[in-house]
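Report on the following structure.
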Amino acid sequence: QVQLVESGGGLVQAGGSLRLSCVGSGRTLRTYTMGWFRQAPGKEREFVAAISRRSGSTYYTDSVKGRFTISRDNAKNTLYLQMNSLKPEDTAVYYCAADEFISTITARTGYDYWGQGTQVTVSS
């Protein structure tokens, strides 16, 4: 069983930066593909970024490419999301997710483990 806890959210002005963290416990995360998703009010939870368990390849949704960077520190069992040049449309609750044998890395339904979420609010 894996437990995930996110932190680092907050209120920031447009153009600002935040770094989200997701600390795992229960098992080592080095064998898990890890992802970030977000959910804005009244909208579906959507894929933001992911990092594969083997190659460390990274994947991003188009709207965050060039602004967000996903990374992992296996020694600390921690996943990060560095968010730069934030826009009001990035406002959402951000969730980290983990799965050991996921097939479609961008699919919300493929992840078995989820954190409780952290709120990111970007003011204009």
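None of the values given here were measured: they were computed from a predicted structure.
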Evaluation steps, side chain to side chain donor-acceptor pair (under 3.5 Å), between Asp99 and Thr33: CA-CA 5 Å; Asp99 196 90; Thr33 292; over 6 Å; no
Val120 side chain near Leu20 side chain, heavy-atom distance below 4.5 Å: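 Touching, per the 4.5 Å side-chain cut-off.
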Any side-chain heavy-atom pair of Ile70 and Leu79 under 4.5 Å: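 A side-chain contact under 4.5 Å exists here.
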Cluster check Met34, Val64: I/L/V/M/F/W/Y, side chain < 4.5 angstrom: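 In one cluster with Met34: Val64, yes.
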Cation-pi check, Arg45 onto Tyr95 ring (under 6.0 Å, within 45° of axis):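 Yes, cation above the ring, under 6.0 Å and within 45°.
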Flag, side chain of [X] to backbone of [Y], donor-acceptor distance under 3.5 Å:
X      : Y      : answer
Thr91  : Val122 : yes
Asp112 : Gln1   : no
Trp114 : Leu4   : no
Asn77  : Leu29  : yes

Residues which pass ring-ring contact (aromatic ring centres under 6.0 Å, His included) with Phe47, listed by chain and number, not counting sequence neighbours: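 By the ring-ring contact (aromatic ring centres under 6.0 Å, His included) rule, Phe47 matches Phe37.
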Stepwise side chain to side chain contact (heavy atoms under 4.5 Å, CB included) test for Tyr113 and Glu100: CA-CA 10 Å; Tyr113 302 103; Glu100 201 167 14; over 6 Å; no
Salt bridge (charged side-chain N to carboxylate O under 4.0 Å, His left out) between Asp62 and Lys65, intermediate numbers included: CA-CA 5 Å; Asp62 286 346; Lys65 284 179 181 176; 3.0 Å; yes
Counterpart residues, side-chain hydrogen bond (donor to acceptor under 3.5 Å, both in side chains), relative to Ser7 (two or more places apart):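 Partners of Ser7 under the side-chain hydrogen bond (donor to acceptor under 3.5 Å, both in side chains) test: none.
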Ring geometry between Tyr94 and Phe68 (parallel below 30°, tilted from 30 to 60°, perpendicular above 60°):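 Tilted.
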Heavy-atom closest contact (Ala50 atom, Tyr111 atom, distance):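 That would be CB-OH, 3.8 Å.
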Candidates Glu89, Glu6, Glu44, Glu46 - the one meeting salt bridge (charged side-chain N to carboxylate O under 4.0 Å, His left out) with Arg38: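 For Arg38, the salt bridge (charged side-chain N to carboxylate O under 4.0 Å, His left out) check succeeds only for Glu46.
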